[in-house]
Every structure is written in C-alpha cells, then in structure tokens.
Amino acid sequence: MGAHPAPVLTTERLILRGFVAEDFAAKHDILTQSGTQQFLGRPLSWSDHWRRVVSGVGQWTVRGYGGLMVVRKQDDRLIGDIGLFDAQRQIGFDGEPEMGWVFDRAMHGNGYALEACRALLQWADSHVQRDIWAIISPGNDPSYRLADKLGFAVIERSALEGDPIDILKRPYRG
C-alpha cells in the first residue's frame, strides 16, 4: 500500500486512518444510501466520487489535513468517513479547514460519529491549530446535534449552488 500522509488515530472503539483504494466500494455504498445523499448536494457518479476521494487524499499533502476512514475495531468494518479539507467553496472561509462527516445509516445512534469527530478535533487542536468550519443543510437535524456537541455554532445562513446552508464555526481550542 505504500506510505500514507494521514495519521492513524484510535479511540476506544474506532480506528481513523487514511483512505486506501480497497475502501472505495464501501465508501461509495455509504454515500449513496437512501436519506444520506439529500444533504450532500448533487449525486456523484462512481467516477466523480472516486476523483473527490482521491482529491481528499491530496489535501494531506497540500494542506496538512484531509479525510480519514472510520473503521470499527470489533470487525474492521468501514462505517464512515470524516475529515478536514479546503473545498474552495467561495462562501467566506476558503483556505481554512472545513470539517465534514458521513456515516453508514445503520451505525447512527451508537455514538460513533461523536467519538470519531472528537478524536479528529483533538488532533486538529494539536496539529492544525486553527478555527474549524462546517456547513450543514437545513433539515439535517442529526448533523446539527452532532455539531453542537462538538462545539460548532451557526455563524450565518448562506447558499451553496442555489441551496440554503448554514455556516458553522468551532473556535480553535489551543
């Protein structure tokens, strides 16, 4: 597999590690689950999703942060992904780290997202040392609840590609 620029973070129940090609089918399945795609913008084709994932890997080299696959320790199952990235969305925080998360809907309600995101934010406070941004689509109540637990607060309502979004910020905790 070769060297990977992403760190490996561990929690009580999870391993957070960089993407490898063997993750792609499971990651794509999670992204295309019913009820998930509605909050992520336009649906991506297999090849568009591949390019987005590989671009995320490149963020580690370009920005010093990027995406991490979330794997459950008990069975080595890929259950989601989280990350910090610079998407250059032109909505006010280009060049700053933006956080995102997507989890297998079958894993919702188990605290995995909170556990994984807290680990990444702890890493970010030590290594990135900056405020973290996020965007959430209105109606995505689980993401708003998670963001609140992580210390994000809504800064403003905006639009992305014609759709309403809320811009959130979590202050650096150094």
Side-chain angles (χ1 to χ4, degrees), residues 1-89 93-108 110-130 132-137 140 142-143 146-147 150 160 170:
M1 282 191 271
H4 200 291
V8 175
L9 308 177
T10 58
T11 69
E12 181 181 337
R13 303 179 295 166
L14 306 170
I15 299 169
L16 287 64
R17 59 162 175 76
F19 170 81
V20 294
E22 294 79 11
D23 295 330
F24 186 67
K27 184 178 178 344
H28 188 74
D29 287 347
I30 291 168
L31 183 72
T32 58
Q33 289 174 343
S34 176
T36 298
Q37 185 60 52
Q38 69 184 357
F39 298 117
L40 299 175
R42 69 173 178 83
L44 297 176
S45 69
W46 181 270
S47 60
D48 286 342
H49 187 208
W50 172 260
R51 282 190 291 278
R52 180 177 285 180
V53 171
V54 173
S55 170
V57 172
Q59 295 264 341
W60 285 105
T61 300
V62 174
R63 290 288 187 200
Y65 50 79
L68 294 172
M69 301 298 99
V70 180
V71 177
R72 196 166 55 178
K73 283 181 180 178
Q74 73 183 45
D75 56 6
D76 204 35
R77 177 178 171 183
L78 179 69
I79 63 168
D81 67 280
I82 63 173
L84 301 174
F85 50 91
D86 176 6
Q88 293 291 314
R89 297 181 192 275
F93 55 88
D94 288 350
E96 298 294 320
E98 176 183 344
M99 187 170 187
W101 50 82
V102 177
F103 282 81
D104 184 327
R105 294 183 70 77
M107 298 295 117
H108 288 196
N110 292 301
Y112 293 129
L114 182 61
E115 187 175 330
C117 289
R118 279 183 174 158
L120 179 57
L121 287 169
Q122 182 179 13
W123 178 89
D125 284 340
S126 295
H127 295 84
V128 180
Q129 300 179 342
R130 293 162 66 186
I132 307 293
W133 297 85
I135 62 171
I136 300 177
S137 299
N140 189 348
S143 280
L146 177 60
L150 295 170
L160 182 63
R170 177 192 176 268

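Predicted model only: the values in this text are computed from it and were never measured.
Residue Ser143 comes nearest to Trp101 through the heavy atom pair OG-NE1, 3.1 Å, listed as atom of the first residue, atom of the second, then distance. The shortest heavy-atom contact between Gln59 and Gly66 is CB-CA, 4.0 Å. Across all their heavy atoms, Pro5 and Val57 have their closest contact at CG-O, 4.4 Å. Heavy-atom minimum distance, Ile132 versus Met99: CG2-CB, 3.7 Å. The minimum heavy-atom distance linking Trp50 with Ala21 is given by the pair CH2-CB, 4.1 Å. The two residues Pro97 and Val128 make their nearest non-hydrogen contact at CG-CG1, 4.0 Å.
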Practice task
Decide yes or no on side chain to side chain contact (heavy atoms under 4.5 Å, CB included) for Leu9 and Gln122, but give the supporting numbers first.
Solution key: CA-CA 10 Å; Leu9 308 177; Gln122 182 179 13; over 6 Å; no
Practice task
Output, in order, the C-alpha distance, side-chain angles, deciding distance and verdict of side chain to side chain contact (heavy atoms under 4.5 Å, CB included) for Thr32 and Trp46.
Solution key: CA-CA 10 Å; Thr32 58; Trp46 181 270; over 6 Å; no
Exercise for the section: Test side chain to side chain contact (heavy atoms under 4.5 Å, CB included) on Met107 and Val70 and set out the steps. Expected result: CA-CA 11 Å; Met107 298 295 117; Val70 180; over 6 Å; no
Exercise for the section: Show the numbers, then the answer: is there a side chain to side chain contact (heavy atoms under 4.5 Å, CB included) between Asp81 and Ile30? Expected result: CA-CA 9 Å; Asp81 67 280; Ile30 291 168; 5.6 Å; no
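For the pair Asp86 (side chain) and Glu98 (backbone), a donor-acceptor distance under 3.5 Å is absent. Between the side chain of Lys73 and the backbone N or O of Thr11 there is at least one donor-acceptor pair closer than 3.5 Å. A distance-only check finds no donor-acceptor pair linking the side chain of Trp123 to the backbone of Val8 [under 3.5 Å]. Side-chain N or O atoms of Asn140 include none that pairs as donor or acceptor with a backbone N or O of Ser137 at under 3.5 Å. Put simply, the side chain of Asp104 never gets that close to the backbone of Gly80: no donor and acceptor are under 3.5 Å apart. The backbone N or O of Phe24 sits nowhere less than 3.5 Å from a side-chain atom of His28 that would complete a donor-acceptor pair.
Exactly one residue among Arg130, Arg170, Arg63 makes a salt bridge (Lys or Arg N to Asp or Glu O under 4.0 Å) with Glu96. That residue is Arg130.
Within a 6.0 Å radius of CD in Glu12, other residues, nucleotides and ligands contribute 12 heavy atoms or fewer.
Using a 4.5 Å heavy-atom cutoff, the side chains of Leu78 and Phe19 are not in contact. In this structure, the side chains of Trp133 and Asp94 stay at 4.5 Å or more apart for every pair of heavy atoms.
Between the CD1 atom in Ile79 and the CD1 atom in Ile15 there is a gap of 11.0 Å [rounded to 0.5 Å]. In this structure, CG in Leu16 is found 8.5 Å from CD in Glu115, a value given to the nearest 0.5 Å. Of the inter-residue distances, the one linking Arg89 atom CZ with Leu160 atom CG reads 5.5 Å to the nearest 0.5 angstrom.
Using a cut-off of 4.0 Å between Lys/Arg side-chain N and Asp/Glu carboxylate O, Asp23 and Arg17 are scored as salt-bridged.
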